[in-house]
Participant: 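If you scroll down you'll find the structure; I have some questions about it.
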Amino acid sequence: VGRDTPSDYPEAAKKITDIGSTYETLNTELIISLKPDLILSAGINSPEQVQTLENLGLTVYDIENPATIEEMFGQMELVAKLTGHEAEAAAVIEALKARVTTVDKKIMPLDSRISVFYEVDGTDPAKPFTAGKGTFITLLIERAGGSNIASDIDGYPQLSLEQVVFADPAFIILGDSKWGTTPESIAQRPGWKNLSAVKSGQVVPFNDDLVTRPGPRLVDGLEGLAKLLHPELFK
């Protein structure tokens, strides 16, 4: 009956009442008016917001963000149990697991991994944000047969142009392409035109939602990255 502002998928979700931004303020009065039987909260919801809803007598279930695809399946099973849709969810999960297994079987025999720079935010092109250790982006890149050049740095660090040039990634994946970053703009950064990824034309836009939102589309993200990095395995 309600969704927070960022929850815009599938397309039909946009027609559901928007109760405000999780990152700012939720519209408590609007939530009450919707008379929800169940409210799902996540790690990005502030404890104060959750407490306010609970104090009003609303049923709130907090779901921890999963750290792996397998944990995500467990969260799907949990939500299915809470909403009475266990049979339907079991069928969906089985199909998703089969797709993950297909990717794993193709990637596991590989002897080497392709080096990748994943750009999260290039607002400051001299020091773009990337994804490091402990992020879904790194997990999926590695499971897709890649090696994230920032995998030894926690969270979402900024890398200097020199750090990226030194690492010389074979692929540059633009998670910020929806904000206007292009392969052409990447090549204009000082020293980047000589990067292996730029010279070989392996600077590619990517739908960031598929690797940053901990839901069923993570499987789409895994498949997309694997096909991008190893197209020869998916002919």
Side-chain angles (χ1 to χ4, degrees), residues 1-100 120-121 129 131-140 143 154-156 175-176 178-179 206-224:
V1 294
R3 65 171 182 94
D4 62 354
T5 304
S7 300
D8 56 1
Y9 182 88
E11 192 65 28
K14 296 178 182 178
K15 298 177 182 177
I16 295 173
T17 302
D18 185 341
I19 52 88
S21 173
T22 306
Y23 302 105
E24 296 169 11
T25 305
L26 298 179
N27 187 331
T28 305
E29 291 75 18
L30 183 55
I31 294 172
I32 294 171
S33 73
L34 295 171
K35 300 179 180 178
D37 297 308
L38 172 68
I39 296 173
L40 298 176
S41 68
I44 56 175
N45 295 106
S46 72
E48 293 78 16
Q49 287 177 335
V50 173
Q51 191 63 55
T52 296
L53 296 171
E54 289 180 333
N55 289 344
L56 291 167
L58 296 168
T59 301
V60 184
Y61 196 101
D62 186 65
I63 297 180
E64 294 183 9
N65 282 339
T68 65
I69 291 179
E70 285 69 30
E71 284 186 19
M72 183 269 292
F73 291 142
Q75 301 293 35
M76 290 178 67
E77 291 171 348
L78 175 60
V79 174
K81 187 175 292 186
L82 291 170
T83 60
H85 292 84
E86 292 175 80
E88 298 97 312
V92 173
I93 292 169
E94 183 179 353
L96 290 171
K97 284 182 176 180
R99 289 166 59 191
V100 172
V120 172
D121 183 352
F129 280 93
K133 187 193 304 182
T135 66
F136 257 119
I137 292 173
T138 295
L139 181 152
L140 292 172
R143 198 157 181 173
D154 289 324
Y156 292 90
D176 56 351
K178 61 183 174 183
W179 309 116
F206 197 79
N207 182 356
D208 191 64
D209 290 348
L210 302 182
V211 292
T212 56
R213 300 187 178 196
R217 284 195 295 167
L218 288 175
V219 177
D220 295 341
L222 174 64
E223 288 176 332

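These figures come from a predicted structure and were not determined experimentally.
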Participant: Working note: Leu40 + Leu82, criterion side chain to side chain contact (heavy atoms under 4.5 Å, CB included); need CA distance, chi angles, decisive distance, verdict.
Facilitator: CA-CA 10 Å; Leu40 298 176; Leu82 291 170; 4.1 Å; yes
Participant: Give me each pair satisfying side-chain hydrogen bond (donor to acceptor under 3.5 Å, both in side chains) with a member in residues 73-86, each pair once, sequence neighbours excluded.
Facilitator: Thr83-His85
Participant: Taking side chain to side chain contact (heavy atoms under 4.5 Å, CB included) as the definition, give me every residue that meets it alongside Leu218, ordered by chain and number, with sequence neighbours left out.
Facilitator: Met72, Phe136, Leu140
Participant: Sorted by first residue and then second, give each salt bridge (Lys or Arg N to Asp or Glu O under 4.0 Å) pair with at least one member in residues 10-20; sequence neighbours left out.
Facilitator: Glu11-Lys14
Participant: With a 3.5 Å distance limit and no angle check, can you tell me whether Thr59 reaches the backbone of Leu38 through a side-chain donor-acceptor pair?
Facilitator: no
Participant: Can you tell me how far apart CG (Leu96) and CD1 (Ile69) are? Round to the nearest 0.5 Å.
Facilitator: 9.5 Å
Participant: Does a side-chain heavy-atom distance below 4.5 Å link Leu26 with Thr52?
Facilitator: no
Participant: Just how far is it from atom OG1 of Thr17 to atom CD1 of Ile31, taken to the nearest 0.5 Å?
Facilitator: 11.0 Å
Participant: Could you check whether atom CG of Asp154 has more than 12 heavy atoms from other residues, nucleotides or ligands sitting under 6.0 Å from it?
Facilitator: yes
Participant: Please enumerate all residues that pass side chain to side chain contact (heavy atoms under 4.5 Å, CB included) together with Lys178, with sequence neighbours excluded.
Facilitator: Asp209
Participant: Which atoms form the tightest heavy-atom contact between Thr25 and Gln49, and what is the distance?
Facilitator: CA-NE2, 4.0 Å
Participant: Please identify each residue that fulfils side chain to side chain contact (heavy atoms under 4.5 Å, CB included) with Asp121, with sequence neighbours left out.
Facilitator: Thr123, Phe129
Participant: Between Pro216 and Val92, is there a side-chain heavy-atom distance shorter than 4.5 Å?
Facilitator: no
Participant: In a table with atom names and distances, give each donor-acceptor pair under 3.5 Å that connects a side chain of residues 60-68 to protein atoms at least two apart or in another chain.
Facilitator:
{"residue": "Asp62", "atom": "OD1", "partner": "Ser41", "partner atom": "OG", "Å": "2.8"}
{"residue": "Thr68", "atom": "OG1", "partner": "Glu70", "partner atom": "N", "Å": "3.4"}
{"residue": "Thr68", "atom": "OG1", "partner": "Glu71", "partner atom": "N", "Å": "3.0"}

Participant: Just jot down the side chain to side chain donor-acceptor pair (under 3.5 Å) partners of Asn55, sequence neighbours excluded, or say none.
Facilitator: Gln51
Participant: Are side-chain heavy atoms of Arg143 and Val100 found at a separation under 4.5 Å?
Facilitator: yes
Participant: Would Arg213 and Asp8 pass as an ion pair if we require N to O under 4.0 Å?
Facilitator: yes
Participant: Could you list all the side-chain hydrogen bond (donor to acceptor under 3.5 Å, both in side chains) pairs where at least one residue sits in residues 26-35, not counting sequence neighbours?
Facilitator: none
Participant: Between Asn45 and Asp4, is the side chain to side chain contact (heavy atoms under 4.5 Å, CB included) condition met? List the steps.
Facilitator: CA-CA 10 Å; Asn45 295 106; Asp4 62 354; 5.5 Å; no
Participant: Taking only residues two or more places apart in sequence, or in another chain, which ones meet Arg3 in a salt bridge (Lys or Arg N to Asp or Glu O under 4.0 Å)?
Facilitator: none
Participant: Side chain to side chain contact (heavy atoms under 4.5 Å, CB included) with Ser21: which residues, sequence neighbours excluded?
Facilitator: Thr5, Tyr23, Glu24
Participant: Any side-chain heavy atom of Asp208 sitting closer than 4.5 Å to one from Asp176?
Facilitator: no
Participant: Work out which heavy atom in Ser7 is nearest to a heavy atom in Ala13; give both atom names and the distance.
Facilitator: O-CB, 3.9 Å
